[in-house]
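In the text below, chain A, chain B and the rest are named by the order of the sequence lines, each starting its count at 1. Owing to the predicted nature of the structure, the values given are computational and were not obtained by experimental measurement.
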Number of protein chains: 2
Amino acid sequence: MDMTQTIASIPLFAGLTPMQCASLGAIAVCRTFSRGQSFFYEGDEGIGFYVILSGKVKIFKLSSEGKEQIFHILEEHEPFGEAAVFAGEHYPASAQALVETRSLFFPRLKFVEVISREPSLALSMLALLSLRLRKLASLVEDLSLKEVPGRLAAYLLYLYEHNDDSATVKLDISKNQMAGLLGTIPETLSRILKRMNDEKLIKVTTRSILILNEQGLADLARGARRLA
Amino acid sequence: MDMTQTIASIPLFAGLTPMQCASLGAIAVCRTFSRGQSFFYEGDEGIGFYVILSGKVKIFKLSSEGKEQIFHILEEHEPFGEAAVFAGEHYPASAQALVETRSLFFPRLKFVEVISREPSLALSMLALLSLRLRKLASLVEDLSLKEVPGRLAAYLLYLYEHNDDSATVKLDISKNQMAGLLGTIPETLSRILKRMNDEKLIKVTTRSILILNEQGLADLARGARRLA
DNA sequence: ACTGATGTTTGACTTAAGTCAAGGCGCAAC
DNA sequence: GTTGCGCCTTGACTTAAGTCAAACATCAGT
C-alpha cells in the first residue's frame, strides 16, 4: 500500500482530499519500534507526532519512586505526541511500545506548515485534542473523586461497551498495566478483582473477565454502592 | 472600548489582523455573571465557549458525595468551555463565577465557521488546547503520583514563580477552594500547612503565605523529602 | 521443553488522608 | 458594637490503599 493510501485510511485524516493526503504523505516517515522500545521520554524535545499503523503504545509518567501512571493505551490508527506539536517544546509524558509497533512519524514544523494550509485538517486536530482533554478530565475525576473499586468498575464497563458481542471482556493488557491505568498498584487491583468476584459482579479468569452484574458495576462506578 | 479593540487585546487572538478580529467581534456576545452564578453545568450541551474579560471562574466536577475537584481557576483573558466546541456535544465539567465576571461568549457553529477560514486562529486554538492538555496531565500526575504535601508544595512554588516580586504569596482564593484544587479537603490542607509552617518551610498568615525555604518546597514537590 | 523473567496472588503490617464533631476566627450587615 | 454566618482549625477516630515479603503462575526466548 502506498503512503497516500495509508494516510487516507487513518480516521484522523478522514475528509481530506487525495491531494491533501499526498501532501501529508510527502512529510510522513515510517518507523517501527520493538516491544519495550521508547518513542520518546517525558521532557524530550517535541519534534513531531506519531500515528500507530499497528501495535500498541502506552503513554505514561513515572513518579520519583518508580510508580507508573498510564494516561492512555493506544492502538491502531490512534495518534500520540500531538500536544507537543502545537505548544511548548517538550513531550509532557513518555511513550513506549507494548508490542512491536509500526508507526508514521510527522515532523513538527512540516506538519504545522501543512495544517496552516488545510483548515479541515486543523479542525480534525482540534477535535482530537478536545477528545483527549475530555478523556483526561474523566481520569482526573476518577482519580480524585472515586475509590479504586469505582474506577475499576468504570473501566470494566468501558471495555464491556466497546466489546464486540459477549459479556466476556478479554483483557489485552496485563493486570500490571491495568493497575497503572487505574492509578493503583497490582496488589490492590488483585484484591479488588477478588472482592468483585466474591460478590458475583464478575468472574475473573486469567486473560478475561465475565461481566455478571452490569447494574452492580454501574452502581459501584457511580459511587452508589460499596464492596463488602 | 469597541468589540474589535477588546478582541484584539485578548492573547488567544494575538496575531489576528484587525479584519479577523472584526469578524470575531461580529459573533461575540458580552455576558456578565454575578458571584456564584453558573456559566454551565457538566453535561450541558456545548453551545459555545467564553473568554473572561474580568473576574474569576472555576472549572470543576462534583462527586456523588459532593466532594469537589477543581480543574482550573481562570482569570482575565483566559478562555474556557472550548473543548466542547470541537468535539462531543456536552461540557465535560461545570463552570461557575467566583466573583462578578464579565465575559465574551462565542457561539459554537459561528466560531467554527470563522476558524475554518482563519488558519492562524486555528493554530492559536490548537496551542491553547495543547496547553490545557499539558496542565491536565500534570494534574493527573500530581493526583496519582504525589501525596498532598507534594501537591501543595508544587502549587505554592507555582504561585511563587508567577509572583510579582516578594517571597510573600498572596492567596486570592479561599483555602477551601485551594483544597478542591489540590484534590483534598480543607481539614487536610490546614494540617499540612501547619506542618510546613512548623518545619519553617513557609510562614502562614490569613490571606498570604511567606516562602521561607524554596529548596525545601522543591524537594517536597519532587518527592525527595517528607514532612515530619 | 526448559528456564529465567514477568506477572499475579496472598498475608501481615503501616500509613496517608478522610470523617465526624466541636470550637474559634473574621468579616459583613444591621 | 454585636450578631451571625462562612471559613478555618483542631482532636479523636476510621479506613482505603500502599509496603514488604513470599510463593506461585505464566510467558517468551533459547
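Ranked by how close their nearest DNA chain D nucleotide is to the 5' end, A:Thr184 and B:Leu189 are led by B:Leu189. For the pair A:Lys175 and B:Pro149, nearest-nucleotide mapping onto DNA chain C gives the more 5' position to A:Lys175. Where A:Arg207 and A:Ile192 meet DNA chain D, the nucleotide closest to each residue was compared, and A:Ile192 sits on the side nearer the 5' end.
For C:dT6, the OP1/OP2 oxygens have no side-chain nitrogen or oxygen of A:Asn176 closer than 4.0 Å. Remark: B:Ser174 is not in phosphate contact with D:dC7, judged by side-chain N or O atoms under 4.0 Å from OP1 or OP2. Contact check, A:Ser190 against C:dT9: a side-chain N or O comes under 4.0 Å of OP1 or OP2.
Separating the CD atom of B:Glu147 from the C1' atom of C:dG18 is a distance of 14 Å, rounded to the nearest angstrom. One can place CD of A:Glu187 at 17 Å from P of C:dT6, the figure rounded to the nearest angstrom. D:dT9 atom C1' lies 11 Å from atom CG of B:Leu193, rounded to whole Å. When the P atom of C:dT10 is taken as reference, atom CG of A:Asp198 falls 9 Å away, rounded to whole Å. Whole-Å rounding puts the A:Leu171 CG to C:dT8 P distance at 9 Å. Between the CG atom of B:Leu145 and the P atom of C:dA16 there is a distance of 17 Å, rounded to whole Å. One can place CD of A:Glu100 at 11 Å from P of D:dG29, the figure rounded to the nearest angstrom. Rounded to an integer number of Å, the gap from CZ of A:Arg191 to P of D:dA16 is 13 Å.
Comparing the helix axis at one end of the helix from C:dA1-D:dT30 to C:dG23-D:dC8 with that at the other, each defined from 5 consecutive pairs, gives an inter-axis angle of 50° (nearest 10°).
Heavy atoms of other residues, nucleotides or ligands lying less than 6.0 angstrom from CZ of B:Arg195 number more than 12.
Checked by atom type, the side-chain pair B:Gln37/B:Ser34 shows a donor-acceptor distance below 3.5 Å.
Between D:dT10, D:dT9, C:dG18, one nucleotide has an atom nearer to the side chain of B:Pro186 than all others, and that is D:dT9. Residue A:Arg226 has its side chain nearest to D:dA16 when only D:dG18, D:dA16, D:dT10 are considered.
Between A:Phe13 and A:Phe106, the ring-plane angle classifies as perpendicular under the 30° and 60° cut-offs. A parallel orientation is assigned to the rings of B:Tyr155 and B:Tyr158, their planes being inclined by less than 30° (bins at 30° and 60°).
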Walk me through it: do A:Phe39 and A:Phe33 pass the test ring pair (Phe, Tyr, Trp, His ring centres under 6.0 Å)? CA-CA 8 Å; A:Phe39 288 82; A:Phe33 289 77; 3.9 Å; yes
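Ring centroid separation for the pair B:Tyr91 and B:Tyr41 does not come in under the 6.0 Å cut-off.
Proximity of a side-chain donor or acceptor of A:Asp219 to a complementary backbone N or O of A:Arg225 within less than 3.5 Å is not detected.
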